[in-house]
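To start, the structure itself, in structure tokens.
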Amino acid sequence: MVLESPSARERRLARELRDLRAAGPMRGKEVAALLGWSASKVSRIENGRIGISAEDLERLLELYAVPEAAADFLRRLAPSARPKGWWDAYAETLSPGYANLIRLEAGSRALRCYGALVPHALLQGPDFVRQVILSTWETPSQVEIDRRMQACRRRQDVLDADSPDGPLRLHAVLDESVLRRSPVAPGQDGGTTVLRGQLAWLCDAATRPNVTLQVLPFAAGLPPVTAGSFSVLESRATGTPDVVYLENKTRVFYLDTQAEVQRYGQAFELLSRMALDPAESLALVRRTADQI
């Protein structure tokens, strides 16, 4: 299933609110009458067809007399009820899919990813990010380049230990080709410098206690996902993997059915077993940097 919204967390919130009403027990029409809503609004909220504002969520929590600990959990499931993030300042320039991706990452406690062509954006150094932006038939303006580079840098803040909710735990498996592919087009200068700098960036990232880096060597054979890179997010609110996303030049695709998330989780576990362990991976990254 490919989606933009609602996310798995919003689906979970809808289900929890439906269960709370039923436990009352109350009918949707009763809730609507008490809150001055239409019955269809209650139904759409409980079916995940529409989001819920922070104000409306608080009214439901009060109506259902939800204990504070449980209420706080439900607030964390509702993106619209959370405090605004830095990405809101980019609302007019970021695509809805990309903004939603940043929001989901910020609300996650762990991310597992496989990089088939380039490192995950959270592991890209500034010079490499610039080359990724420039690797297109389009000619982005300097303003566009600077904006996208700044957004990527801010996105990487989730790895910082002093983040309000603690750092994101990142486990990345990179194909060996990622370590060797030139980031610039043939005939252009600077490719070796950018690539060597990116490998050094990966080595530095691997020293973080919340980052695990593995390399899938050519000798390991074909990966179990020949379609390319993917990422699995684990919710900070639910503590379970609930969203898979796949990025390309123009869109971010989200998969959130339990079966799909489980399949990608299993694929990542196999990739991790096929890959070199973190110490061997770091040694390979360093050797590759010395060879180029």
Side-chain angles (χ1 to χ4, degrees), residues 98 101-102 105 111-138 140 142 144-161 167-220 223 225 228-231 245-249 252 268 271-272 274-292:
Y98 189 59
L101 167 57
I102 295 173
E105 285 181 348
L111 185 156
R112 294 176 293 167
C113 59
Y114 170 59
L117 294 174
V118 297
H120 190 280
L122 297 181
L123 293 173
Q124 293 177 11
D127 291 339
F128 196 90
V129 171
R130 179 184 296 275
Q131 292 304 318
V132 171
I133 295 170
L134 293 174
S135 63
T136 174
W137 56 268
E138 301 171 299
Q142 189 59 50
E144 173 74 2
I145 293 171
D146 292 343
R147 180 190 64 80
R148 291 175 61 181
M149 288 185 65
Q150 185 178 33
C152 186
R153 183 194 65 78
R154 293 295 303 274
R155 181 178 170 186
Q156 294 174 352
D157 286 346
V158 294
L159 296 177
D160 291 341
L168 179 79
R169 297 201 311 270
L170 173 64
H171 185 173
V173 175
L174 302 180
D175 192 88
E176 185 177 350
S177 62
V178 173
L179 310 182
R180 304 182 183 278
R181 184 182 302 276
S182 174
V184 304
Q188 295 184 1
D189 297 328
T192 298
T193 300
V194 174
L195 181 56
R196 188 176 289 122
Q198 175 58 37
L199 296 181
W201 188 275
L202 290 175
C203 291
D204 288 343
T207 64
R208 292 173 177 258
N210 56 311
V211 174
T212 300
L213 179 66
Q214 292 183 266
V215 175
L216 182 71
F218 294 138
V225 278
S229 305
F230 67 90
S231 300
Y245 68 81
L246 310 126
E247 293 183 79
N248 65 22
K249 277 288 185 185
V252 181
F268 183 84
L271 282 164
S272 182
M274 295 171 63
L276 301 174
D277 67 34
E280 294 173 321
S281 297
L282 187 56
L284 177 57
V285 175
R286 287 172 174 159
R287 285 199 307 273
T288 305
D290 291 338
Q291 293 167 359
I292 60 176

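None of the values given here were measured: they were computed from a predicted structure. Residues take their numbers from the sequence shown, with the count starting at 1.
For Gln156 (side chain) and Gln124 (main-chain N/O), a donor-acceptor pair under 3.5 Å exists by modelled atom type. Formation of a donor-acceptor pair under 3.5 Å by the Gln131 side chain with backbone atoms of Val184 is not found in this model. Between the side chain of Asn210 and the backbone N or O of Leu159 there is at least one donor-acceptor pair closer than 3.5 Å. Checking side-chain atoms of Arg112 against main-chain N and O of Ser231 turns up no donor-acceptor pair under 3.5 Å. Using modelled atom types, no side-chain atom of Asp175 and backbone atom of Val178 make a donor-acceptor pair closer than 3.5 Å. When atom types are taken as modelled, the side chain of Ser281 and the backbone of Leu276 share a donor-acceptor pair closer than 3.5 angstrom. Side-chain atoms of Thr288 never come within 3.5 Å of backbone atoms of Leu179 as a donor-acceptor pair (strictly under, hydrogens ignored). A donor-acceptor contact shorter than 3.5 Å is absent between the side chain of Gln214 and the backbone of Leu174.
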Q) For Gln150 and Asp146, what are the C-alpha separation, side-chain angles and deciding distance, and is it a side chain to side chain contact (heavy atoms under 4.5 Å, CB included)? A) CA-CA 6 Å; Gln150 185 178 33; Asp146 292 343; over 6 Å; no
(Q) Checking Tyr245 against Glu247 for the side chain to side chain contact (heavy atoms under 4.5 Å, CB included) test, could you report, in this order, the C-alpha distance in whole Å, the side-chain angles of both residues, the deciding distance, and whether it holds? (A) CA-CA 7 Å; Tyr245 68 81; Glu247 293 183 79; 3.6 Å; yes
**Q.** Verdict with reasoning, Asp160 to Arg208, per side chain to side chain contact (heavy atoms under 4.5 Å, CB included)
**A.** CA-CA 9 Å; Asp160 291 341; Arg208 292 173 177 258; 3.5 Å; yes
Q. Going through the checks in order, is the side chain to side chain contact (heavy atoms under 4.5 Å, CB included) test met by Phe218 and Arg180?
A. CA-CA 11 Å; Phe218 294 138; Arg180 304 182 183 278; 4.0 Å; yes
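In this structure, Leu216 and Pro223 approach most closely via the heavy-atom pair CD2-CB, 3.9 Å. Taking each heavy atom of Ala220 and Met274 in turn, the nearest pair found is O-CE, 3.5 Å. In this structure, Tyr114 and Gly228 approach most closely via the heavy-atom pair CD2-O, 3.7 Å. The minimum heavy-atom distance between Ser182 and Gly191, with the atom names listed, is OG-CA, 4.2 Å. The shortest non-hydrogen separation linking Ala121 to Cys152 is O-SG, 3.7 Å. For the residue pair Val211 and Ala205, the shortest heavy atom distance occurs at CB-O, 3.4 Å.
A salt bridge does not link Arg287 to Asp290: none of the charged side-chain nitrogens sits closer than 4.0 Å to a carboxylate oxygen.
Taking 4.5 Å as the limit, some side-chain heavy atom of Leu195 sits within range of a side-chain heavy atom of Ile292. Side-chain contact between Gln198 and Pro183 is absent, with no heavy-atom pair separated by less than 4.5 Å. By the 4.5 Å heavy-atom criterion applied to side chains, Leu123 and Leu170 are counted as neighbours. Residues Leu122 and Glu105 have side chains in contact (heavy-atom distance under 4.5 Å, counting atoms from C-beta outward). Side-chain contact between Pro167 and Val158 is absent, with no heavy atoms from C-beta onward closer than 4.5 Å. When side chains are defined from C-beta on, Pro140 counts as touching Leu134, because their heavy atoms get closer than 4.5 Å.
A donor-acceptor contact closer than 3.5 angstrom links the side chains of Arg155 and Tyr98.
With values rounded to the nearest 0.5 angstrom, Gln142 atom CD is found 8.5 Å from Met149 atom CE. Residue Leu202 holds its CG atom at 11.5 Å from CZ of Arg286, rounded to the nearest 0.5 Å.
Ring-plane geometry between Phe230 and Phe268 is classed as perpendicular, the angle between the planes exceeding 60 degrees on a 0 to 90 degree scale with a lower cut at 30.
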